[in-house]
**Student:** 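Quick one: the structure is below, questions incoming.
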Amino acid sequence: MKPNSQGLKQRPSHDTEREFGGTLGALCIPILLPLTVMFLICVSRSPEASLLQWPPALPSTDQLWDPLALVLLLGWISLHALLYVLPLGKVSEGLVLRNGTRLKYPINGFHSLCISGVLLMLLLGLGAPLGSLFELLLPLAACAIAGSYLFSLYLYIRSFWVPSHALALGGNTGNPLYDFFIGRELNPRIGNFDLKYFCELRPGLIGWVVINLGMLMKEVELRGSPSLAMILVNSFQLLYVADALWNEEAVLTTMDIVHDGFGFMLVFGDLAWVPFTYGMQAAFLVVHPQALSSLGAAAIIALNGIGYYVFRKSNSQKNQFRRDPTHPSVARLETIATATGKRLLVSGWWGLVRHPNYLGDLLMALAWSLPCGFSHLLPYFYVIYFAVLLIHREDRDERQCRAKYGLAWDTYCQRVPYRIFPYVY
């Protein structure tokens with residue numbers, strides 16, 4: 001089979017606006033972010049836990065490689081690939097593609113989470129040393145990073161055998177470095193198995209809470225029982241992951257699925273960055289236990305609850321409006337007509353700020369870090385990183401919406417002047 005065997009030419013879109021710093025970003029990010037993952041894990045395990053310690057303590061080769069880590073990683077991904085294809089839950093259609101078709105997706109991620117939980121409880125009941133994940137963090141991360149590079153290379157090569165309508169609009173620039181990073185193919189599939197959709201919410205996201213549980217069990221080994229701070233971190237982040245999987249169908253309309261190609265950016269983010277940096281608070285607490293008062297815990301729980309309420313309510317309102325604008329819960333909301341035929345919400349949650357879901361996300365991120373106290377900056381890396389990520393993503397949204405909706409978007413921005421934080425930004 002030859003590239004473009006369908007007879008369609010893949011003309012590079014040289015005039016496409018390049019994101020993430022263009023070629024320079026595509027060169028630096030795949031080097032710097034994997035190093036950042038390893039650096040953060042090393043720092044979290046050091047007595048000082050200082051992000052400013054220089055030079056950082058470099059791990060030995062023995063610390064980076066353990067064959068058990070590779071076996072666990074491949075076994076975990078295989079388990080979720082099997083759960084993905086099981087006939088559980090319903091099947092939903094994605095948005096209309098450029099060729100007028102819709103892809104079908106299994107909505108069974110929450111089932112996968114529940115089955116994973118049952119299997120973990122069985123392993124714990126049989127005496128499996130789940131706390132050993134603490135010692136395996138570095139080799140697991142190293143295997144996930146190496147796998148991300150190899151998987152991204154496979155995706156880049158296979159993209160030359162697909163028709164032009166299957167390519168992402170921003171990932172076919174003709175620059176190999178940039179296209180490898182941003183992703184050429186929009187929805188790469190093996191048969192009906194959607195590789196991007198599978199990675200988006202399955203092995204990495206569920207793996208994140210498994211690693212958190214491993215950190216909790218390590219604390220039990222060291223101190224006899226989990227601390228209140230560790231329990232809060234595990235509970236908050238489990239709620240976040242469970243919510244994402246319970247509302248899995250909503251991911252079908254997100255930028256990751258609809259707009260971005262599947263390249264190193266998303267592969268590494270899904271399989272390495274999320275599971276090994278989002279739960280950094282739990283790894284930190286293993287080595288740096290924190291005392292937490294009942295009043296402090298109550299305040300943190302309240303903050304996470306407020307953040308979750310804003311996040312879930314705003315996302316639910318948006319998703320309901322996209323599915324059925326005539327539904328009673330959204331039918332009376334004020335909207336602005338656009339030239340595309342779609343309408344923009346200017347009341348309800350989306351009349352408060354342009355991205356109320358991001359506001360809720362950031363409040364939750366802060367609540368995840370507060371149980372770690374204020375003696376170290378490391379547990380707050382996630383909050384800082386996530387704020388930068390969401391502001392950058394909001395800027396991408398702004399540019400795409402302005403290009404798509406034109407004057408209607410300008411009117412919307414006048415009606416809703418604040419982007420994420422009311423009266424601030």
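What you are looking at is a predicted structure, and each value in this text was computed from that prediction instead of being measured. If you read the sequence from its start, that first residue is 1, and numbering goes on from there.
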**Student:** For P106, check side chain to side chain contact (heavy atoms under 4.5 Å, CB included) against everything at least two apart and list the hits.
**Tutor:**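 With neighbours one apart ignored, the set is Y84, N108, Y197.
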
**Student:** Apply side chain to side chain donor-acceptor pair (under 3.5 Å) to W350 and list each qualifying residue two or more places apart in sequence or on a separate chain.
**Tutor:**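 In terms of side chain to side chain donor-acceptor pair (under 3.5 Å), with neighbours along the sequence ignored, W350 is linked to no residue.
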
**Student:** Going by heavy atoms in the side chains, are F198 and P203 under 4.5 Å from each other?
**Tutor:**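 Heavy-atom side-chain distance check passes, below 4.5 Å.
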
**Student:** If you measure from CG on L344 to CD1 on I336, what distance do you get to the nearest 0.5 Å?
**Tutor:**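 The CG atom of L344 sits 6.0 Å away from the CD1 atom of I336.
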
**Student:** Please test R393 against D256 for salt bridge (Lys or Arg N to Asp or Glu O under 4.0 Å), starting from the C-alpha separation and ending with a verdict.
**Tutor:** CA-CA 11 Å; R393 175 165 286 202; D256 287 357; 3.0 Å; yes

**Student:** How about Y240 and Y308: do any of their side-chain heavy atoms sit closer than 4.5 Å?
**Tutor:**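 The answer is no, as the side chains (C-beta and beyond) never meet within the 4.5 Å cut-off.
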
**Student:** With sequence neighbours excluded, tell me which residues meet side chain to side chain contact (heavy atoms under 4.5 Å, CB included) with V286.
**Tutor:**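 V286 satisfies side chain to side chain contact (heavy atoms under 4.5 Å, CB included) with F134, M215, K218, L222, M230 only.
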
**Student:** Residues two or more places apart in sequence or in another chain: which of them pass side chain to side chain contact (heavy atoms under 4.5 Å, CB included) with A26?
**Tutor:**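 If we apply the side chain to side chain contact (heavy atoms under 4.5 Å, CB included) test to A26, skipping adjacent residues, the hits are L177, Y178, F181.
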
**Student:** For a quick check under 3.5 Å, do Q237 and W368 share a side-chain donor-acceptor pair by atom type?
**Tutor:**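 Note: Q237 and W368 side chains miss the donor-acceptor criterion.
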
**Student:** For R158, give me all partners under salt bridge (charged side-chain N to carboxylate O under 4.0 Å, His left out), at least two apart in sequence or on another chain.
**Tutor:**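 R158 satisfies salt bridge (charged side-chain N to carboxylate O under 4.0 Å, His left out) with E185 only.
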
**Student:** For D66, which residues count as a salt bridge (charged side-chain N to carboxylate O under 4.0 Å, His left out) partner, sequence neighbours excluded?
**Tutor:**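 Scan of D66 (salt bridge (charged side-chain N to carboxylate O under 4.0 Å, His left out), adjacent residues dropped) gives none.
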
**Student:** Under the ring-ring contact (aromatic ring centres under 6.0 Å, His included) test, which residues partner W246, sequence neighbours left out?
**Tutor:**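 Here the qualifying residues are F110.
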
**Student:** When you measure from the side chain of K196 to the backbone of I257, do you find a donor-acceptor pair of N or O atoms at a distance under 3.5 Å?
**Tutor:**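 Here the side-chain-to-backbone pair exists.
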
**Student:** Which atom pair, heavy atoms only, marks the closest approach of V274 to D270?
**Tutor:**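 Smallest heavy-atom distance, with atoms named: CB-O, 4.2 Å.
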
**Student:** Quick one: ring-ring contact (aromatic ring centres under 6.0 Å, His included) partners of Y149, sequence neighbours excluded?
**Tutor:**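 ring-ring contact (aromatic ring centres under 6.0 Å, His included) list for Y149, sorted by chain: F264.
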
**Student:** Is it the case that S227 and Q290 place a side-chain donor and acceptor less than 3.5 Å from each other?
**Tutor:**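 Not at all, the side chains of S227 and Q290 share no donor-acceptor pair under 3.5 Å.
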
**Student:** Does the D243 side chain pair with the main chain of L239, one donor and one acceptor, at a distance under 3.5 Å?
**Tutor:**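 No, the answer is negative, given that no donor and acceptor are paired below the 3.5 Å cut-off.
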
**Student:** Quick one: does any side-chain atom of S316 pair with a main-chain N or O of K313 as donor and acceptor, under 3.5 Å?
**Tutor:**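 Checked: no pair found.
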
**Student:** Is a side-chain N or O of H288 found less than 3.5 angstrom from the main chain of S46, in a donor-acceptor match?
**Tutor:**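 Side chain of H288 to backbone of S46, a donor-acceptor pair under 3.5 Å: yes, one is there.
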
**Student:** Which donor-acceptor pairs under 3.5 Å do side chains of residues 375-384 form with protein atoms, sequence neighbours excluded?
**Tutor:**
unit_1 : atom_1 : unit_2 : atom_2 : d
H376   : NE2    : E48    : O      : 3.1
Y380   : OH     : G373   : O      : 2.8

**Student:** Suppose we screen for salt bridge (charged side-chain N to carboxylate O under 4.0 Å, His left out). Which residues come up paired with R45, at least two apart in sequence or across chains?
**Tutor:**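 Checked R45 against salt bridge (charged side-chain N to carboxylate O under 4.0 Å, His left out); zero matches.
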
**Student:** For S78, what residues pass the side chain to side chain contact (heavy atoms under 4.5 Å, CB included) criterion, not counting sequence neighbours?
**Tutor:**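 Here no residue qualifies.
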
**Student:** Is the closest side-chain donor-acceptor distance between N357 and D361 under 3.5 Å?
**Tutor:**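 There is no such pair between these side chains.
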
**Student:** Among pairs that include at least one residue of residues 407-425, which meet salt bridge (Lys or Arg N to Asp or Glu O under 4.0 Å), considering only residues two or more places apart or in two chains?
**Tutor:**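 For residues 407-425, and leaving out neighbouring residues, the salt bridge (Lys or Arg N to Asp or Glu O under 4.0 Å) pairs sorted by first residue read E334-R415, E394-R419, R402-D410.
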
**Student:** Between R184 and Y156 (side chain of the first, backbone of the second, donor and acceptor by atom type, cut-off under 3.5 Å), is there such a pair?
**Tutor:**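 Here the side-chain-to-backbone pair does not exist.
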
